[in-house]
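Let me begin by presenting the structure, written as structure tokens, before commenting on it.
Everything numeric here is computed off the predicted structure, so don't read it as measured data. Every chain is numbered from 1, with letters handed out A, B, ... down the list of sequences.
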Number of protein chains: 2
Amino acid sequence: MKPALTAPEVRPIAQNSREEILRAAAACFMERGYSASSIDDVARRLGATKGRIYHHYPSKADLFFDVYRMGMDLNFSAVGDVYHSDLGPYDKFFGMCRAHVMMMIEEQAFQRTVWEGVNLHLNSATTPDQRVVLERLLKMRAEYDQLFRTVMEACKADGSLNYKNQSIAVSTLFAAMGGPVFWYKPRQGETATQLENIVDQVVRFAMRGLGASERTAA
Amino acid sequence: MKPALTAPEVRPIAQNSREEILRAAAACFMERGYSASSIDDVARRLGATKGRIYHHYPSKADLFFDVYRMGMDLNFSAVGDVYHSDLGPYDKFFGMCRAHVMMMIEEQAFQRTVWEGVNLHLNSATTPDQRVVLERLLKMRAEYDQLFRTVMEACKADGSLNYKNQSIAVSTLFAAMGGPVFWYKPRQGETATQLENIVDQVVRFAMRGLGASERTAA
DNA sequence: TGATGAACATACTACCGGGTATGATGTCAA
DNA sequence: TTGACATCATACCCGGTAGTATGTTCATCA
């Protein structure tokens, strides 16, 4: 917030503490869902107490929002490079999907929280300013979708993809790619190659589903 | 439970009352999720009070279980006919998927509850006998998956489908087909044809994703 | 016609969990 | 050294919610 001319070593510590809280919260939200997770649960996982959490976040909802935001930031940073590259439409789209699915697996906890935030709109009892934050997050999600929509349309235009309704195609695409968030269970001593194998098959399913030809989808 | 030789007109009334409760509960669980929904919420939606619900169900968890079971029963009855038909593997599988997706849309509330029960394993504080019920429900879900697995393998054997890992394929298939449970919003004055159009596109995505040839997938 | 039980409503309790108020500890700056 | 502030822990409040105990209505039946 402030110009941060103050001690350049204090802030990182606080940032680390916040990120620890975020990860613990994401883990709890993944296991039992948002409303079934108590602040004490998150604190217990940290070996701490409520005080620590409420020092950094004014409310449980705000903590949730920050987990959500963190998840979306991860998504944008994962997909951004490929999106801003000068690849052709299909290769770009393919790379974005790969990055997306990989992120679903690597940051499963955060992505699960994002998921819960999206479809469980979190209508319930939020203060007006929390409502502002929430809508900004949903807008963030919409912008992320838009990245894929844009490239998808380019692919449809050049014939590398083939589908009818854009909205249905995008929704089904994200549903398929988001699957690992729920069914993937990290396995002991899993190699990077094995992970990429999973990602490949999910992306392959998605590409073929959108009408990519057999050769390009493989 | 009992031989039901008692008045044949009393039971149906109770059954209707129970089903009303089930639908109200499913609607609440869809909107706010299980743990965020209170018994009073469900009762309020019915224009009733707790008393009615606790007269039919011993606890909130048992109510959830029955909603889950209802959703799974709907699935089995929707897919059962096609599954037990004498169609060839691909046509049978195609029909099962169509029936499944249609059920996801028609009984969105129940299916959403099933979804929450599956991936949010409901580990938390249940009594031992509730635990038995829960595992029976999860077994029910596994059997349902198995219906699709079996026919899928037959399709792979005769070359009408083509995928690598069975588990990944099934998981991604259900993820894609389950999408409408979350993103579909019933529209005013929607015709049966429009609904089938949605189902067609989702199923088409799924079939092509599993490696069906272009002609058969269409 | 009175008794019995189903099918609820009403009123209440116990407890959990979000949030707050305050205290304890360390750190840095002047 | 001291005062200010960040970073937590402790102790407490209180509203909501699952669950219970009891009352009420009504239909059925002996």
Determine: side-chain N/O of B:H56 to OP1/OP2 of C:dC8, distance under 4.0 Å, yes or no.
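True: B:H56 side-chain N/O within range (under 4.0 Å) of C:dC8 OP1/OP2.
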Sub-3.5 Å donor-acceptor pair from the side chain of [X] to the main-chain atoms of [Y], do we have one?
{"X": "B:K50", "Y": "B:D40", "answer": "no"}
{"X": "A:Q130", "Y": "A:A61", "answer": "no"}
{"X": "A:E116", "Y": "A:Y34", "answer": "yes"}
{"X": "B:S37", "Y": "B:C28", "answer": "yes"}

Aromatic ring proximity, centroids under 6.0 angstrom, B:F29 and B:F64:
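B:F64 vs B:F29: aromatic centres under 6.0 Å.
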Scan nucleotides 16-21 of chain D nucleotide by nucleotide, 5' to 3', and note B when protein non-hydrogen atoms come under 4.0 Å of the base, S if they reach only the sugar-phosphate, - if neither.
-SBBB-
d([atom1], [X]; [atom2], [N]) in whole Å:
{"X": "B:R52", "N": "C:dA6", "atom1": "CZ", "atom2": "C1'", "result": "13 Å"}
{"X": "B:N16", "N": "C:dC8", "atom1": "CG", "atom2": "C1'", "result": "16 Å"}
{"X": "A:Y57", "N": "C:dG18", "atom1": "OH", "atom2": "C1'", "result": "17 Å"}
{"X": "B:L46", "N": "C:dC8", "atom1": "CG", "atom2": "P", "result": "10 Å"}
{"X": "B:R18", "N": "C:dC8", "atom1": "CZ", "atom2": "C1'", "result": "15 Å"}

Minimum-distance nucleotide (side-chain atoms of A:H55 versus D:dT7, D:dA9, C:dC8):
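Within the option list, the nearest is D:dT7.
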Out of C:dA6, C:dA9, D:dT10, whichever nucleotide has its closest atom nearest the side chain of A:T49:
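That would be D:dT10.
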For side-chain contact (heavy atoms from CB on, under 4.5 Å), just list the numbers for A:V199 and A:L195, CA-CA rounded to whole Å, side-chain angles, deciding distance to a tenth of an Å, and then say yes or no.
CA-CA 6 Å; A:V199 174; A:L195 270 186; 5.5 Å; no
